[in-house]
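Excluded from the calculations below are hydrogen atoms, water molecules and symmetry mates; all remaining heavy atoms, backbone and side chain alike, are included.
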Amino acid sequence: MELLLKKIADELSIRKEQVENCIKLLDEGATIPFIARYRKEITGNLDEITISKIQEMISYLRNLEIRKEEVIRLIDEQGKLTDELKKQILEADKLQRVEDIYFPYKKKRKTKADIAKEQGLEPLAEKIYSLESMNELEKEAEKYLSEDVKTVDEAIEGAKLIIAQNLSETLEFREKIRDEMLRKATLLAKKTKKADEIDLKKLYQDYYEYSEKVSKALSHRVLALNRGEKEGVLSISIVFEESDRNFIEKYLLRDFNKKGILELYQEIIKDSLDRLILPSIEREVRNILTERAEEEAIKVFKENLRNLLMQPPLNEKNILALDPGYRTGCKVAIIDKNGFFKENTVFYLVKEMHNEKQLKESESKIKEFIKRYDIDLIVIGNGTASRETESFIAEVLKTVEKDVKYLIVNEAGASVYSASKLAGEEFPDLDSTVRGAISIGRRVQDPLAELVKIDPKSIGVGMYQHDVNQKRLDESLGDVIERVVNSVGVNLNTASWALLSYVSGVKKSVAKSIVDYRKDNGKFKNRKELLKVKGLGAKAYEQMAGFLVILDGDNSLDRTIIHPESYEIAKKLLQKVGLDLEEYENNLELSRRKLRDFKYEEFAKENDYGMETVKDIYEALIRDRRDPRDSIPKPILKSDILNIDNLKIGMELEGTVRNVVKFGAFIDIGLKSDALLHISEISEKFVDDPSKLLSVGQIIKVKIKEIDKERERVGLTKKEI
């Protein structure tokens, strides 16, 4: 364990004690948000990112140790474990090296080489290395003739097969060839014979004749190739240039120094490479590329999801939410400024689909709703018929006295939510189409509270999310949501069980129990009341309490990030400036003036309290609890429509980043489809990763670079802005 701790500490450039204490807390069941916020003294003030890395590394290293023990046991059971082999396994610092060492001992289907060994030809194979000529080999081979091996040629062939297999299982050779393939080989793709009948939309056309160095293969291309291969459209292979292949053959040939049978050695090496080594290493390299690509895709998805969830809420707005549609009309939901559903109906807004009477009735109804419900904002989903709906709304708003704006939002996942069990619990008497419209409207009022109800893979901010390791993706996205939820904090008396389930220490069953308790007993009056909830124990309470907020309870400290375990410190701190909790609550402004010159550092030392804990308590008392989303610019609200015909090359616009991918970003500038800001157009300087400069929800200035009216595509640039 000491070695593992030191390894992690050295890699992260922190002290071994920090790693040890952090791992102990994780092993005891503490969550990353809890450790980062409430155990700063124990960890030496490690942040969530570092704690997460420690968790990943200790998990990998522990799994590595388990695999080492397993491999040692499996080889020992075969009676082939030597002290040297055991030492090699124990010293391995990567899982791949352990698997390479184990490769020759792994149970496989019986090969021709195995049969040759059973026929007693292994000594002949070993003897070949010392023979000078083919004549000597033939004479030696005669000694191994038997009932199973009837001729000299059969004996020599069996020996060759044994050597070829031994070469393919040699650790040094496998590592060298894998490294060469990763650095120098070329990834090739060709369309299959069935491609034309399978790929009707030509989705994979760019890869019908494709080649790229393995070392330069970008993650999104690797995942696209994998999907094309899986669907039977593409045939993928990895090949070496002739010069690199010759280098590998010479590398394997170095132990064969008898010129008299050089040609035989070359045949063995060619056979071993073509039949055994290269196909096996190619599979490994494909796996390595896939793992890297998945890791990159998950990283991009995580970052996009985090930024989406951190979008600022548009509070205190009465909303008319529209889920557009053609034939069946536009589903409508009225949501008041507190998020409560008021009314629903259907509008017919598409001029090409609906008659004049329907259009007039819809216009009249929109105006009526704006007046009756004092509508501040019309929210339009960006799916089918969204731009026709936008056009209609923009025209109507020109004739309305009140200053009402509209906003087009990404409706991805609304239909998933509308058909979910949770939606049925929230709105049992409503049709699923109405629930979808409510979701579209509410995700503007509080994006975080609404989007956590939806499977993150359905939210539309990733690429190839269904092609990556689903378990790893779910864990990663769950981790992102948990961090965001705990960073923002949750109102205990209004949160859905879906939102509560991401609070530190809260399991789904406990989240549902909290909501049930609230239904039966009314609002929570204080955090301590949580201990009355069925299935919620002391450990869970410790983990969750500080992240749950009660705005109108009987203890003002329940509105802060101060943990209940530190309430006594908070009260003592207040006493130090001549205040009690009641005075602090009743006259907040005066209390904070008294606290302004308080030296919390001296207070911490005098009482032997943790400095970081006291600092957090002091800052929570002197400032209002801040929502981290408040510092992010609000979305762009519109009052008129933009058409592709209105655009000109060189025109500057503001847009909202909808999705960030490895090759650039998709920007909503108000057109039917998002415009592409290619990675090469993001900056005058070289950009290797768009996510370093752009994030989902960010408002940016862009310039029109290209317009393709036929395909309704627009290319953007940020250069010279």
Side-chain angles (χ1 to χ4, degrees), residues 71 74-82 84-85 88 99-178 180-181 237-240 242 245-284:
V71 165
L74 290 168
I75 298 174
D76 193 28
E77 285 174 0
Q78 296 176 32
K80 296 176 182 177
L81 186 67
T82 63
E84 179 57 33
L85 188 55
Q88 266 189 310
E99 297 303 332
D100 282 346
I101 295 169
Y102 178 52
F103 188 79
Y105 308 95
K106 192 180 277 186
K107 284 186 179 178
K108 312 177 190 80
R109 282 187 312 178
K110 186 181 282 190
T111 64
K112 289 181 179 179
D114 294 331
I115 294 168
K117 287 178 183 179
E118 290 172 1
Q119 291 170 343
L121 295 172
E122 197 162 13
L124 176 61
E126 290 168 3
K127 192 84 174 174
I128 287 179
Y129 287 88
S130 60
L131 299 175
E132 299 286 348
S133 68
M134 286 302 295
N135 285 337
E136 277 187 44
L137 174 57
E138 287 167 3
K139 283 180 184 176
E140 186 66 29
E142 287 176 4
K143 300 175 186 177
Y144 295 89
L145 299 182
S146 66
E147 203 174 301
D148 296 319
V149 184
K150 293 185 169 53
T151 67
V152 166
D153 285 345
E154 281 181 25
I156 293 172
E157 185 59 31
K160 286 165 65 179
L161 290 169
I162 292 169
I163 295 171
Q165 182 163 292
N166 289 345
L167 286 172
S168 76
E169 294 176 347
T170 302
L171 172 65
E172 179 191 347
F173 295 158
R174 293 187 69 82
E175 287 182 335
K176 179 67 176 176
I177 294 167
R178 186 189 303 116
E180 290 293 306
M181 193 174 280
S237 60
I238 296 178
V239 298
F240 280 111
E242 193 174 342
R245 165 73 186 231
N246 290 340
F247 167 80
I248 291 167
E249 288 185 8
K250 285 176 183 175
Y251 180 79
L252 297 183
L253 197 60
R254 63 185 188 168
D255 289 335
F256 294 101
N257 51 22
K258 307 296 182 184
K259 291 182 180 178
I261 52 173
L262 182 62
E263 198 174 315
L264 179 79
Y265 295 153
Q266 288 171 330
E267 279 178 28
I268 294 170
I269 286 168
K270 188 177 185 308
D271 173 54
S272 184
L273 279 171
D274 292 338
R275 186 170 54 84
L276 301 170
I277 302 178
L278 291 180
S280 172
I281 298 295
E282 182 177 341
R283 284 192 297 273
E284 289 178 8

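Considering CD1 of Ile162 and CD1 of Ile115, their distance stands at 11.0 Å, rounded to 0.5 Å. Distance check: Ile101 CD1 to Gln88 CD gives 5.0 Å after rounding to the nearest 0.5 Å. From Ile128, atom CD1 reaches atom CD1 of Ile261 across 6.5 Å, with rounding to the nearest 0.5 Å. Considering CD of Glu140 and CE of Met134, their distance stands at 13.0 Å, rounded to 0.5 Å. Note: Thr170 OG1 to Lys176 NZ = 15.0 Å, rounded to the nearest 0.5 Å. Note that NZ of Lys139 is 12.0 Å distant from CG of Leu137, once rounded to the nearest 0.5 Å.
For the pair Leu124 and Ile156, the tightest heavy-atom approach, listed with the atom from each and the gap, is CD2-N, 4.4 Å. Taking all atoms of both residues into account, the shortest heavy-atom contact from Gly158 to Ala116 is O-CB, 3.6 Å. In terms of heavy-atom proximity, Ile75 sits nearest to Leu85 at CG2-CD2, 3.8 Å. Between Tyr265 and Leu131, the closest heavy-atom pair is OH-O, 4.2 Å. The minimum heavy-atom distance linking Ala159 with Ala125 is given by the pair O-CB, 3.7 Å.
Note on residues 148-161: pairs passing side-chain hydrogen bond (donor to acceptor under 3.5 Å, both in side chains), not counting sequence neighbours, are Lys160-Glu267.
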Pair Gln165-Lys117, side-chain contact (heavy atoms from CB on, under 4.5 Å): steps then yes or no: CA-CA 11 Å; Gln165 182 163 292; Lys117 287 178 183 179; 4.1 Å; yes
Stepwise side-chain contact (heavy atoms from CB on, under 4.5 Å) test for Phe240 and Glu180: CA-CA 9 Å; Phe240 280 111; Glu180 290 293 306; 4.1 Å; yes
Worked check of salt bridge (charged side-chain N to carboxylate O under 4.0 Å, His left out) between Asp114 and Lys108: CA-CA 10 Å; Asp114 294 331; Lys108 312 177 190 80; over 6 Å; no
From CA spacing to verdict: side-chain contact (heavy atoms from CB on, under 4.5 Å), Leu121, Tyr144: CA-CA 7 Å; Leu121 295 172; Tyr144 295 89; 3.7 Å; yes
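No more than 12 heavy-atom neighbours from other residues, nucleotides or ligands sit within 6.0 angstrom of CD on Glu263. Crowding of Lys127 atom NZ: a count of heavy atoms from other residues, nucleotides or ligands under 6.0 Å not exceeding 12. Taking a 6.0 Å sphere around CD of Gln78, one finds it holds more than 12 heavy atoms contributed by other residues, nucleotides or ligands.
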Got a list of side-chain donor-acceptor pairs under 3.5 Å for residues 271-281, not counting sequence neighbours?
from	atom 1	to	atom 2	distance (Å)
Asp271	OD1	Arg275	NE	2.9
Asp271	OD2	Arg275	NE	3.4
Asp271	OD2	Arg275	NH2	2.9
Ser272	OG	Ala164	O	2.8
Asp274	OD1	Arg245	NH1	2.8
Asp274	OD1	Arg245	NH2	3.1
Asp274	OD2	Lys270	NZ	3.0
Ser280	OG	Arg174	NH2	2.7

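With a 6.0 Å cutoff to the six-membered ring centre and a 45° limit on the axis angle, Lys80 does not count as a cation-pi contact of Tyr105.
Residue Ile248 forms a side-chain contact (heavy atoms from CB on, under 4.5 Å) with just one option from Ile269, Leu253, Ile177, and that option is Ile177.
Side chain of Glu282 to main chain of Ile238: a donor-acceptor pair is present (N/O by atom type, distance under 3.5 Å, no hydrogens or angles).
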